[in-house]
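Take a look at the structure set out below.
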Amino acid sequence: PLVLGTGGVALDELDGVAPPLDRRPEDIFYIVFTSGSTGRPKGVRVSDGNLAAQLVARASAYPEPPERVFVVHSLAFDSAAAGLWWGLAHGAAVELAPGTVRRDPAAVAERMRAWAPTHVDLPPSTHGELLARELHDAVAARVVIVGGESLPPSVAREHRRLLPGVALVNEYGPTETTIFATTHRVERDPEKKLQLWEESLTAADAVPVPEGALSIPHLTSYPQPDEVKLYSELLLFRAQCIEPHVTKAMDDLFGGHQAT
């Protein structure tokens, strides 16, 4: 069932039968706006085919299907779609934390204790607050997925120290790649950056996607360790990628006002 909020309604409790759908891969499944971190937010159309490719990729990154997914992202942010559609595709229970819970690490911990999700999807900053406030005992999940922000080495290090039995996966990907393009399981000391990049982050860490989407990191080394710089080139095409942007169409739809 899909549980909306802490007191929501499970979809399997609703009456009625959904009519059959005649859907094609190119049909639009949903529209989401980018964050605007690189400029003006852009409307992105995600098709049925885009989402299907993303779910196939997710199965490669997470071989063990989820049973209960706790999503601590706003539904307006595409990171929330990762846990939502992935969980529902596997018949898992999915809970979307409401804003009052997302903004309060103690409330997040309380909900996790009560519901015991197998997979938690949340921003690195929220996970860092849980660890810093010694609320990590609430994390009984098999996997913690972080995304939407950069993962500070300090948070990764604390996770490894306090939750050694819980996998930590860092996801990255522009909205235009249908939620995510790469995953990385943090299994080494995040402070040893040179060793991490040289030995761990390779093309094998990219998420394999049928007919497209491959990340190829490039490492450029300089004579001194403190001068090592990392340049990453992200090559993405076909299955998960979306084009063109639909900002103009959405502006027309909303009378020239930015949709929210």
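Residues: numbered from 1 along the sequence shown.
Considering every non-hydrogen atom in both His90 and Pro65, the closest pair reads ND1-CB, 3.6 Å. Considering all non-hydrogen atoms of both residues, Val120 and Ala141 come closest at CG2-CB, 3.8 Å. When all heavy atoms are compared, the tightest approach of Ala138 to Ala109 is CB-O, 3.4 Å. When all heavy atoms are compared, the tightest approach of Arg103 to Thr100 is NH2-N, 3.6 Å. Here the shortest heavy-atom pairing between Ala61 and Arg185 reads O-NH2, 3.6 Å. Taking every heavy atom of both residues into account, Ser150 and Pro152 meet most closely at O-CD, 3.2 Å.
Rounded to the nearest 0.5 angstrom, Glu129 CD and Leu122 CG are separated by 11.5 Å. Distance check: Leu135 CG to Leu162 CG gives 11.0 Å after rounding to the nearest 0.5 Å. Atom CG of Leu163 sits about 6.0 Å away from atom CG of Leu131, to the nearest 0.5 Å. Rounding to the nearest 0.5 angstrom, the gap separating the CG atom in Asp137 from the CG atom in Leu130 is 10.0 Å.
The main-chain N or O of Asp48 is never found under 3.5 Å from a side-chain atom of Arg24 such that the two would form a donor-acceptor pair. No donor-acceptor pair closer than 3.5 Å links the side chain of Glu158 to the backbone N or O of Ala132. Without hydrogens or angle criteria, Asp104 side chain to Val101 main chain gives no donor-acceptor distance under 3.5 Å. One N or O on the side chain of Arg102 and one on the backbone of Ala97 form a donor-acceptor pair closer than 3.5 Å.
Residues Thr34 and Val44 meet the side-chain proximity criterion, which asks for heavy atoms closer than 4.5 Å. Contact annotation: the side chain of Leu168 never approaches that of Val143 to less than 4.5 Å [non-hydrogen atoms, C-beta and beyond]. Between His184 and Tyr172 the shortest side-chain heavy-atom distance does not fall below 4.5 Å. Between Glu95 and Pro117, the closest side-chain pair of non-hydrogen atoms is not below 4.5 Å. Contact check for Glu171 versus Thr182: no side-chain heavy atoms found under the 4.5 Å cut-off.
Here Glu110 does not pair with Arg113 in a salt bridge; the nearest charged N to carboxylate O distance is not below 4.0 Å.
In this model, no donor atom of one side chain and acceptor atom of the other lie less than 3.5 Å apart for Ser47 and Glu26.
Applying side-chain contact (heavy atoms from CB on, under 4.5 Å) to Val186 and the options Val169, Leu151, Val144, Val146 leaves one that passes, Leu151.
Each ring pair (Phe, Tyr, Trp, His ring centres under 6.0 Å) pair with one or both residues in residues 122-158, not counting sequence neighbours, appears once here: His127-His159. Applying the salt bridge (charged side-chain N to carboxylate O under 4.0 Å, His left out) test to residues at least two apart or on different chains, the pairs with a partner in residues 62-74 are Glu64-Arg142, Glu67-Arg142.
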Please tabulate, for side-chain N and O atoms in residues 71-89, each donor-acceptor pair with protein atoms closer than 3.5 Å (sequence neighbours left out).
unit_1, atom_1, unit_2, atom_2, d
His73, NE2, Asp121, OD1, 3.1
Ser74, OG, Ala76, N, 3.1
Asp78, OD2, Thr175, OG1, 3.3

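Arg111 forms no cation-pi arrangement with Phe70, by the criterion of a distance under 6.0 Å to the ring centre and an angle within 45° of the ring axis.
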